[in-house]
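Below you'll find the structure, written out as structure tokens, and then a few comments.
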Amino acid sequence: MTSLRLLPLLHSLLILQVHISNQLEDNKIPPSLCTGHPGTPGTPGAHGSPGQPGRDGRDGRDAAPGEKGQKGDRGDTGETGMRGLIGDTGHPGEKGERGQPGECAVAPKSAFSVKLSESRTLPLTVGNAVGFDKILLNEQGDYNTETGRFTCKVPGVYYFAVHATVYRASLQFDLMKNGHVVASYFQFYGNWPKPASLSGGSLLHLIPGDQVWVQMALSEYNGFYSSTKTDSTFTGFLVYSDWKNSAVFA
């Protein structure tokens, strides 16, 4: 009787032993059955990678204005900038007041015209000036009848012309400037019953003090002639002046 009552208890112990044996075989011992001592601390782990940047913090409050600082030293002069564009044309200004009347401008003048008189004895020596002694025009007095020479007072360009009546002899004469021949003229006379003529002219640039005259070239060719019906003349006049504005104030 007692053995029958112990039979269920033995059965339960057998099952428990089998269960415990299985756990021992699988090395699955519950912690509650065997608690060990704490283990040795492990080695430190490797450093981790840097984290993501944090967010910007909020703006701080405005501080009170600081005191005004001292004026700094003057800086160096900067480089010259590029030239600016041309501006627009301005508006026309108002018309000014009328000025005072000026002095009258007078153009410079110089002119003469002379001829041989009928009773004039001509020089026969080569190099002598022909003495045109009868004045037709000489307002400025630039021609001298005693020397037979024109003397320049106004600088500029002049025109000179000689008209000769040729009779009784051939004629050769030169237009001279300061002792130099500037033009030479010749007319042959062939014992014609009536006089012939010889004319010539030239433009010359003169400065004050220059002299111009007509001169015999050869003593045997001196056929200048003048009578009541025909003349031999010497004329000169200023074409334009070298003076600035081509005028002087009277």
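Note that these values count all heavy atoms, side chains included, but never hydrogens, waters or copies made by symmetry.
- Residue Tyr221 holds its OH atom at 7.5 Å from CD of Gln172, rounded to the nearest 0.5 Å.
- Residue Phe132 forms a side chain to side chain contact (heavy atoms under 4.5 Å, CB included) with just one option from Thr233, Thr145, Val214, and that option is Val214.
- In the hydrophobic cluster analysis, where Ile, Leu, Val, Met, Phe, Trp and Tyr join through side-chain heavy atoms closer than 4.5 angstrom, Tyr225 is grouped apart from Leu136.
- At least one donor-acceptor pair closer than 3.5 Å links the side chain of Asp210 to the backbone N or O of Ile207.
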Before you tell me yes or no, could you show the steps for Leu116 and Thr165 under side-chain contact (heavy atoms from CB on, under 4.5 Å), namely the whole-Å CA-CA distance, both residues' side-chain angles and the distance that decides it to 0.1 Å? CA-CA 10 Å; Leu116 289 174; Thr165 298; over 6 Å; no
Give the intermediate values and the outcome of side-chain contact (heavy atoms from CB on, under 4.5 Å) for residues His163 and Ser232. CA-CA 5 Å; His163 173 78; Ser232 294; 6.0 Å; no
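- Atoms OG1 and CD, on Thr151 and Gln140 in that order, are 13.0 Å from each other to the nearest 0.5 Å.
- Contact check for His205 versus Val157: side-chain heavy atoms found under the 4.5 Å cut-off.
- Residues forming a side-chain contact (heavy atoms from CB on, under 4.5 Å) with Lys153 (at least two apart in sequence, or on another chain): Asp142.
- Listed for the Ser113 side chain is no donor-acceptor partner under 3.5 Å among the backbone atoms of Leu137.
- Contact record, Ala129 with Thr147: CB-O, 3.7 Å, taken as the closest heavy-atom pair.
- A donor-acceptor pair is defined here as one N or O able to donate and one able to accept, closer than 3.5 Å; such a pair exists between the side chain of Asn178 and the backbone of Gln211.
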Starting from the C-alpha separation in whole Å, work towards a yes-or-no answer on side-chain contact (heavy atoms from CB on, under 4.5 Å) for Val154 and Ser241. CA-CA 7 Å; Val154 179; Ser241 170; 3.7 Å; yes
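- Note that NZ of Lys71 and CZ of Arg74 are 9.0 Å apart. Values are rounded to the nearest 0.5 Å.
- Note that CG of Leu206 is 6.0 Å distant from OH of Tyr158, once rounded to the nearest 0.5 Å.
- Atoms OG and CG, on Ser197 and Asp231 in that order, are 12.5 Å from each other to the nearest 0.5 Å.
- Between the Asp174 side chain and the Val182 main chain, no donor and acceptor come within less than 3.5 Å of each other.
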From CA spacing to verdict: side-chain contact (heavy atoms from CB on, under 4.5 Å), Leu175, Val212: CA-CA 7 Å; Leu175 183 64; Val212 178; 3.9 Å; yes
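- No side-chain heavy atom of Val130 sits under 4.5 Å from any side-chain heavy atom of Gln215.
- Screening Leu238, Leu203, Leu204, Thr235 for a side chain to side chain contact (heavy atoms under 4.5 Å, CB included) involving Tyr159 leaves a single residue, Leu203.
- Shown here for Gly148 and Trp213, the closest heavy-atom pair between the two residues is O-CB, 3.5 Å.
- Side-chain contact between Asp133 and Lys115 is absent, with no heavy-atom pair separated by less than 4.5 Å.
- The side-chain heavy atoms of Leu218 and Met216, taken from C-beta on, include no pair separated by under 4.5 Å.
- The aromatic rings of Phe112 and Phe160 are tilted relative to each other, their planes meeting at an angle between 30° and 60°.
- Below 30°, between 30° and 60°, or above 60°: for Trp192 and Phe188 the angle between ring planes is above 60°, a perpendicular geometry.
- A donor-acceptor pair is defined here as one N or O able to donate and one able to accept, closer than 3.5 Å; no such pair exists between the side chain of Lys194 and the backbone of Tyr167.
- When every heavy atom of Phe224 is checked against every heavy atom of Ala164, the shortest pair comes out as CE2-CB, 3.3 Å.
- Ring centers of Phe186 and Phe173: at least 6.0 Å apart, outside the cut-off.
- Taking the six-membered ring where tryptophan is involved, the planes of Tyr143 and Phe234 are perpendicular, since the angle between them exceeds 60° and thus also 30°.
- Considering OG of Ser226 and CD of Glu118, their distance stands at 5.0 Å, rounded to 0.5 Å.
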